[in-house]
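Side-chain atoms are counted along with the backbone in the values below, which use heavy atoms only and exclude waters and symmetry mates. Chain letters run A, B, ... following the sequence lines, proteins first, then strands; residues in each count from 1.
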Protein chains: 2
Amino acid sequence: MARTTIHDIAKELHTTAATVSRALNDHPSISAATKETVKATALRLNYQHNRAASSLRSGKTYVIGVLIPSAEVSFFGSVIHGIEKIAKSQGYNVLLFQTNEQYEDEVQGVQTLLQSNVDGIIASISKETIQYDHFLEVKRRDIPLILFDRSLEGLDVPSVMINDYKGAFMATEHLIEQGFTRIAHISGPQHISIFHERLKGYVDALAAHGMKIDGDLIMYGKVTIDSGRTCAEQLLQLPSPPDAIFAAEDFTALGALQAIKESKWPKPGQIGLVGFANEAFSAYITPSLTTIDQQTALMGEEAAKIFMDLSQKGKKPDLPPQKIVLEPLLVQRESSIKRKPKKKSIP
Amino acid sequence: MARTTIHDIAKELHTTAATVSRALNDHPSISAATKETVKATALRLNYQHNRAASSLRSGKTYVIGVLIPSAEVSFFGSVIHGIEKIAKSQGYNVLLFQTNEQYEDEVQGVQTLLQSNVDGIIASISKETIQYDHFLEVKRRDIPLILFDRSLEGLDVPSVMINDYKGAFMATEHLIEQGFTRIAHISGPQHISIFHERLKGYVDALAAHGMKIDGDLIMYGKVTIDSGRTCAEQLLQLPSPPDAIFAAEDFTALGALQAIKESKWPKPGQIGLVGFANEAFSAYITPSLTTIDQQTALMGEEAAKIFMDLSQKGKKPDLPPQKIVLEPLLVQRESSIKRKPKKKSIP
DNA sequence: CTGAAAGCGCTTACAG
DNA sequence: CTGAAAGCGCTTACAG
């Protein structure tokens with residue numbers, strides 16, 4: 001019933017716990033023969049390494065704390081997936097803490113993870129968070145801290161972001177290449193940097209292709225289905241309406257699609273539409289939505305890899321924190337296909 | 001730099017670590033005055049409780065191991081959300097391990113969680129798993145094990161499931177109440193119990209309403225979009241086609257919807273459609289899909305609550321393991337609306 | 001290549 | 001109500 005310890009193994013082999021410990025950890029100064037018998041005996045006695053004891057002594061827990069707003073949001077589920085995958089491959093485990101997008105919970109989360117002696121923390125800050133005092137204790141303890149997707153001004157730590165500017169540029173350019181000539185953009189609140197970046201990408205793509213920027217074609221929405229619908233309705237009622245819409249985000253695009261479907265003109269297929277995020281529904285709506293994929297699982301993997309780097313190097317000469325910027329991916333579907341105008345019988 | 005320990009606090013207050021430990025843990029035999037000064041000093045010295053040390057001594061880690069196929073699947077993300085929420089409220093944390101639906105990984109996961117001395121394990125077994133030897137060690141160590149969604153024949157442990165039979169019954173009854181009279185069912189592989197249960201619910205609902213069961217109207221699909229499409233195509237080509245379809249799962253329903261849209265008759269809206277699972281896309285397709293919600297977050301919460309019960313009671317007189325069966329929820333949307341036939345001008 | 005010994009930071013019966 | 005002491009199961013400098 002009682003758990004087997006290294007002492008039990010030592011007793012069995014008439015040796016000491018020190019030797020058993022070294023053998024199990026493949027310490028270089030232990031003979032191959034000893035290692036073999038020790039490991040065989042460990043297996044026979046159904047020995048399980050006790051991590052609590054090990055980490056109390058060594059100071060390492062092989063646990064990465066992951067602090068996210070909510071595991072229920074598919075974006076974060078995907079990132080966790082990537083983190084855990086890499087972590088596991090290096091002998092680490094993932095301890096999860098959800099902040100529910102609340103500052104108070106985030107503060108408590110950092111505390112909890114520190115009490116658990118995590119070897120590092122990978123976090124995406126809550127929407128409420130505007131100051132970072134709670135993260136300073138993490139830095140003070142020299143525990144690697146890596147942020148993903150959402151960063152915090154002033155907190156100088158490694159991070160993994162997606163290139164929003166480029167994603168928007170690609171989305172817009174794709175519509176241009178499809179042959180659309182009046183491309184509108186439904187953006188989001190400009191104080192949120194990702195939406196500002198996406199707007200810039202849109203503007204620059206138009207400019208790069210010698211197209212005029214028309215203020216009438218740029219709407220500022222609220223990142224919801226309803227807002228996307230309202231913005232699109234207004235766009236369609238312009239004296240000179242757009243022939244394509246790039247929405248800053250998939251739910252906005254979905255709303256825009258609803259507006260298009262409800263309008264007399266254009267019909268879906270006569271107006272190009274691109275979203276951003278590659279949400280779970282994007283592939284299945286009608287028409288399926290062309291969008292920008294954010295490589296969410298890869299984001300987690302990269303964050304975990306930065307952690308591995310940091311914890312292996314230990315205290316390297318203070319390099320500036322690594323900032324990884326992931327390439328967005330254009331996912332081409334039906335909503336951005338430009339229908340060739342039917343040949344009119346012109347003599 | 002070095003972390004504050006209870007010894008530091010003790011030295012500061014000219015008392016002992018034992019007293020400090022007791023004070024911090026609100027031990028009943030410590031005076032209120034002592035508790036107060038100890039806690040104040042702990043705060044002042046920025047003391048952080050060291051869980052590794054605590055659990056090495058006490059045997060409790062306040063960690064629940066969660067073993068799931070993949071955090072990337074939204075169903076599991078939701079369940080984790082529910083588990084972590086309850087866990088946190090009781091001072092527990094969640095250690096995550098993904099099995100990637102593979103037996104080998106699941107075995108390794110159980111090992112890892114045991115090495116981490118988790119106080120309990122909440123798991124959904126991988127699709128590959130057909131035997132449960134790896135879980136026996138968990139039982140042998142008297143660590144609470146709770147399964148959710150997917151159970152394993154013969155492993156007699158507490159579990160949280162959803163009432164698939166009832167969900168299917170509700171879905172079918174809903175179509176009947178809408179006025180549909182020839183209701184087809186696209187099921188899944190019958191060796192998977194959830195699909196078998198859903199088929200039974202369908203059959204019994206028809207019977208309960210005095211409707212005939214027509215073998216032609218029951219298809220056995222493969223739980224994919226394509227399979228749903230193919231099955232629906234065949235149903236629509238019957239000499240006497242159905243006027244409604246209950247699909248055993250949302251992706252199947254989505255495929256069926258595609259088939260309906262591509263057929264000349266019926267148009268969407270002329271044929272009722274209900275799915276099962278309330279996937280992320282279900283609300284956003286056209287028409288929006290009526291479906292059965294599985295209360296995923298609640299499933300996690302209930303599993304966590306069972307754990308709390310088990311770990312508080314300790315070794316109660318051996319009651320049979322608790323089996324919770326959650327009520328499915330009908331989510332009524334557009335796809336099941338029965339259009340009133342337009343009044344023909346009959347003299 | 002192996003052993004003896006100390007100690008990581010707590011908790012907890014035992015005494016008083 | 002508080003203290004002295006042992007010990008949870010490991011790891012690791014130090015010695016040989």
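Looking only at side-chain heavy atoms (C-beta outward), T41(A) and Y47(A) stay at 4.5 Å or farther from each other. The shortest distance between side-chain heavy atoms of I68(A) and I80(A) falls below 4.5 Å.
Without hydrogens or angle criteria, T129(B) side chain to I125(B) main chain gives no donor-acceptor distance under 3.5 Å. The main-chain N or O of H81(A) is found under 3.5 Å from a side-chain atom of Q98(B) such that the two form a donor-acceptor pair.
Using a 4.0 Å heavy-atom criterion, one finds that S29(A) contacts the bases of the nucleic acid, with or without backbone contacts as well. Nucleic acid contact class of H49(B) (heavy atoms, under 4.0 Å, all strands): sugar-phosphate only. At the heavy-atom level, R22(B) lies under 4.0 Å from base atoms of the strands shown. Among the atoms of the strands shown, base atoms are found under 4.0 Å from some heavy atom of S21(A).
Heavy-atom nearest nucleotides on DNA chain D were determined for S54(A) and for A18(B), and the one closer to the 5' end corresponds to A18(B). In terms of position on DNA chain D, the residue among H14(B) and S55(A) whose nearest nucleotide sits closer to the 5' end is H14(B). Nearer the 5' end of DNA chain C, as judged by each residue's closest nucleotide, is the contact made by P28(A), out of T16(A) and P28(A). Taking the nucleotide of DNA chain C with the nearest heavy atom to each of T34(A) and A53(A), the more 5' of the two is matched to T34(A).
Relative to the ring axis of F307(B), K305(B) does not place its NZ or CZ within 45° and under 6.0 Å from the centre. At least one cation-pi condition fails for K88(A) and Y92(A): the charged atom is not both under 6.0 angstrom from the six-membered ring centre and inside a 45 degree cone around its axis.
The separation of dT2(D) from dA6(D), taken at their P atoms, amounts to 23 Å, rounded to a whole angstrom.
For the residue pair S126(B)/E101(B), the side-chain donor-acceptor check at 3.5 Å is not satisfied. No side-chain donor from either of N46(A) and R3(A) sits under 3.5 Å from a side-chain acceptor of the other.
Extent of DNA chain D lying under 4.0 Å from chain B heavy atoms, first and last nucleotide in 5' to 3' order, is dC1(D) to dG9(D).
Pairing each heavy atom of K323(B) with each of S159(B), the nearest pair is CD-OG, 3.3 Å.
Stem regions for DNA chain D, each three or more consecutive Watson-Crick or G-U pairs with both distances under 3.5 Å and listed by first number, read C:1-3 with D:14-16, C:5-12 with D:5-12, C:14-16 with D:1-3.
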